[in-house]
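Nothing here was measured: the structure is a model prediction, and the numbers come from that model. Every chain is numbered from 1, with letters handed out A, B, ... down the list of sequences.
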Amino acid sequence: MSEENLYTFENPEYRATYWHTCSHVMAQAVKRLWPEVKLAIGPSIDEGWYYDMDAPFAFTPEHLEQIESEMRKICKEKLKLERFELPRPEALKLMEEKGESFKVELIHDLPEDEVISFYKQGEFTDLCAGPHLDSTGRIKGNAIKLTACNAAYWRGDSSRQTLQRIYGMAFPKKDELDEYLAKIEEAKKRDHRRLGKELGLFMLRDEGPGFPFFLPKGMVLKNTLLDYWRKVHKKYGYVEISTPIMLNRQLWERSGHWDHYKNNMYTTVIDDVDFAVKPMNCPGGMLVYASEPHSYRELPLRVGEIGLVHRHELSGALHGLFRVRCFNQDDAHVFMTREQMQDVIQETVRLFDEVYSTFGLSYTIELSTMPEDHIGTVEEWEKNQDILKAAITDMGKDFVINEGDGAFYGPKLDFHLADSLGRTWQCGTIQLDSQLPERFQLEYTGEDGEKHRPVMIHRVVLGSIERFIGVITEHFAGAFPAWLAPVQVKVLPVTDRAGEYAEKISARLDEQGFRVEVDGRNEKIGKKIREATLEKIPYMLVVGDRDMENGTVSVRHRSGEDLGAMTLDQFAALLGDEVKEMIIK
RNA sequence: GCUAGCGUGGCUCAAUGGCAGAGCACAUCACUCGUAAUGAUGGGGUUGUGGGUUCGAUUCCCACCGCUAGCUCCA
């Protein structure tokens, strides 16, 4: 990289440094305005920065404006940022004198051999490893925006003090900030909660927080998605089962869920026996596997289940279809021998790739390792983590490690997809498990005639059907590809005279399996087009006197493109090709 | 669950310590029209729920429910 490029916003390191210095400027501004505020931590993040603070009052939007304006002053003052280091006792003394109790705790927790560095700009000094810009004058004061103020736990621990976190964003040019803010506004229009309402896909009610209702159009979407899912899984050799939504306590104790997941489970008592609504499908799947003897010849045995699970999520975590309390997992358990593990994992990743690419979705992978609350030995966990790692590394895929975030029974590869605002949501997951087969004493007969214990993976591609529908709604901004669109064609008669003709056209398309509606209202054609376009229906067939005379339909795409008049057969062939091309690969 | 904010017809949003409004949607009537909104008329609200303050509360206070942002958690 050339010297010049090092100092552009294109360079992620420079960007992070810029934002990190912004966070110090923000902290300085806050301390100038309210010296009693205590500082916690203030890093740069993917988009901007934040600083956690403890203030004796709640920050309001007006406070944020005040801070912004003080920040602009600090930028104009062109204060030099100077780094200095102190031995531990002096460092502690400095922060204690300033009353920065959080900083004191941070210094106490630094490793013995760590250099303790500070950055000083004007009257403001902050504990910080750096790096930083050399002067606050490098920051463009009028291209700073404090975007939000929220609560955050000190050191991310929900049992500790709640701090206030102020988020900020800045660019080297005002135009770029404006563009960024406009982009955020634009993205909000693609929010699946808004589109879901506008397009009549689903609804949420106070009567059932986190329990979504699917409306007729949403059901068509869901069922079409599942049809596709079943086709793909059939191709990959899966069979499908369905297990009960409620099972007795004994089963959940055996699987470990009662001990490790009880807080998230809905329970009830039936005939004096404790039951739980399933939060996961695996125990049911175990029972199916264990219900008959298996041969090594059957392995890997791929058993899918679209399973409705219920989990008691925290009320504050609920979010449209992205985080709900009941959802359908496109689950599957693959039972296999130890030798088959790598192949099965890789085959599963290929299946994921096929599904995600059908929707044009890209993903990032996280490897989640052993959580504190787990079953099985550390050796077993490490072995399984290594297998997951090796399998994807061998496929040339990148991943990041998410320490301690595995399922209680095994490590997992999580596939994250992004929403319209760039927030990522876990959809796919591949969880490697040698614990449940043990607990359920699963067996297969090997080539040697002896009983052996299989291992298994738990995996979902879509993750939750609900969440996935949310993700693709935002991804396509509600304009689903024709094969998925709840309504594929809307027939728009120009006048009442064409009403009957429109119905005939509609009936013929319906016979061919297309999803079609007629807008027979007594409205002007312009209005019908406008509304069908807003409903994001892929094709509009305008039919009037001319079409009736010529036996044609006038085809308009939702993009606004006029495809002209054609016969119904020609149109059906065109739509048929588009739909077929998308669904069968 | 935590912190802050919010809750007004089906939807989007006004307004106010003193008769709750608009646009869209809906219904009726007129118009029969060729590629992004025809006009007129009409119906529809215990202002999330329950308390309190007040002559009077949708507005102020309290509690609860729900929503939003983030934290935490997770598909």
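- Note on A:Ala58: only backbone sugar-phosphate atoms sit closer than 4.0 angstrom, heavy atoms only; bases stay farther off.
- B:C24 sits 11 Å from B:U38 when the P atoms are compared, rounded to a whole Å.
- Base contact: A:Gly544 has a heavy atom under 4.0 Å from a base atom.
- Looking at the side chain of A:Ala152, the nearest of the listed nucleotides B:U72, B:A75, B:C71 is B:C71.
- Using a 30° and 60° split on the angle between ring planes, A:Phe202 and A:Phe214 fall in the tilted class, from 30° to 60°.
- There is a side-chain donor-acceptor pair under 3.5 Å between A:Asn384 and A:Ser434.
- At a threshold of 4.0 angstrom between heavy atoms, the contacts of A:Arg323 include nucleobase atoms, whether or not backbone atoms are also involved.
- A:Thr60 comes within contact range of no nucleotide atom at all, as no heavy-atom separation falls under 4.0 Å.
- Among the protein residues, A:Ser464 comes within range of the nucleic acid bases, having at least one heavy atom under 4.0 Å from a base atom.
- Comparing B:A75, B:U35, B:U72 against the side chain of A:Tyr153 picks out B:U72 as the nearest.
- Ranking B:U72, B:G34, B:C71 by closeness to the A:Arg165 side chain, first place goes to B:C71.
- Dashed line: the shortest gap from a side-chain N or O of A:Gln426 to OP1 or OP2 of B:A75 is under 4.0 Å.
- Each of B:C26, B:U32, B:A75 was ranked by its minimum atom distance to the side chain of A:Asp496; first place goes to B:U32.
- Between A:His458 and A:His333, the angle of the ring planes goes over 60°, which puts this pair in the perpendicular group of the 30/60° scheme.
- OP1 or OP2 of B:U12 lies within a sub-4.0 Å distance of a side-chain N or O belonging to A:Lys197.
- Across all strands shown, A:Ile525 has heavy atoms under 4.0 Å from sugar-phosphate atoms exclusively, and none from any base.
- No engagement by A:Lys188 is indicated, since no non-hydrogen atom pair under 4.0 Å with the nucleic acid exists.
- Using a 4.0 Å heavy-atom distance criterion, A:Val324 is classed as a base contact.
- A:Asp547 comes within 4.0 angstrom of a nucleotide base, judged by non-hydrogen atoms across all strands.
- Judged by distance alone with a 3.5 Å cut-off, no donor-acceptor contact links the side chain of A:Asn150 to the base of B:U3.
- By the 6.0 Å and 45° rule, A:Lys536 does not stack over the aromatic ring of A:Phe480.
- Contact check on A:Arg521 versus A:Glu531 returns a salt bridge, with a Lys/Arg side-chain nitrogen under 4.0 Å from an Asp/Glu carboxylate oxygen.
- Ring-centre distance between A:Tyr409 and A:His374: not below the 6.0 Å cut-off.
- Considering only side-chain N and O atoms, A:Arg497 lies under 4.0 angstrom from the phosphate OP1 or OP2 of B:C33.
- A:Thr533 comes within contact range of at least one nucleobase, with a heavy-atom separation under 4.0 Å.
- Taking only side-chain nitrogens and oxygens, A:His319 comes nearer than 4.0 Å to OP1 or OP2 of B:A69.
- Within 4.0 Å (heavy atoms only), A:Asp545 reaches at least one base atom of the nucleic acid.
- Residues A:Asp54 and A:Gln164 bring no donor and acceptor atom of their side chains to less than 3.5 Å of each other.
- Here the options are A:Thr224, A:Val220, A:Thr358, the test is side chain to side chain contact (heavy atoms under 4.5 Å, CB included), and the partner is A:Leu484; only A:Thr224 passes.
- Contact of A:Ser554 with B:G34 (side chain to base): a donor-acceptor pair of N or O atoms is detected under 3.5 Å.
- A sub-4.0 Å separation between OP1 or OP2 of B:A25 and a side-chain N or O of A:Lys527 is present.
- There is no side-chain donor-acceptor pair under 3.5 Å between A:Asn264 and A:His312.
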Could you write out each protein N or O paired with an N or O of nucleotides 64-67 of chain B at a distance under 3.5 Å?
residue, atom, partner, partner atom, Å
B:G66, O2', A:Asp206, OD1, 2.5

If you write RNA chain B from 5' to 3' in dot-bracket form, with Watson-Crick or G-U pairs under 3.5 Å, [ ] for crossing pairs and | for pairs with another strand, what do you get? (((((((..((((....[..)))).(((((.......))))).....(((((..]....))))))))))))....
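- Residue A:Glu531 is in sugar-phosphate contact alone, with no base atom involved, counting any heavy-atom pair closer than 4.0 Å across all strands shown.
- Taking atom P in both B:A36 and B:U41, the straight-line distance is 28 Å, to the nearest Å.
- Centroid-to-centroid, the aromatic rings of A:Phe322 and A:His319 come within less than 6.0 Å.
- Nucleic acid contact class of A:Val542 (heavy atoms, under 4.0 Å, all strands): base.
- Among the heavy atoms of the strands lying under 4.0 Å from A:Gly156 are primed sugar atoms or P, OP1, OP2 only; no base atom is included.
- Centroid-to-centroid, the aromatic rings of A:His557 and A:Tyr539 come within less than 6.0 Å.
- A distance of about 30 Å separates the P atoms of B:C13 and B:U72, rounded to the whole Å.
- Salt-bridge formation is detected for the pair A:Arg155/A:Glu105: a Lys NZ or Arg NE/NH1/NH2 atom is positioned less than 4.0 Å from an Asp or Glu carboxylate oxygen.
- A stacked arrangement is assigned to A:Phe327 and the six-membered base ring of B:A75, with a centre-to-centre distance below 5.5 Å and an interplanar angle below 30°.
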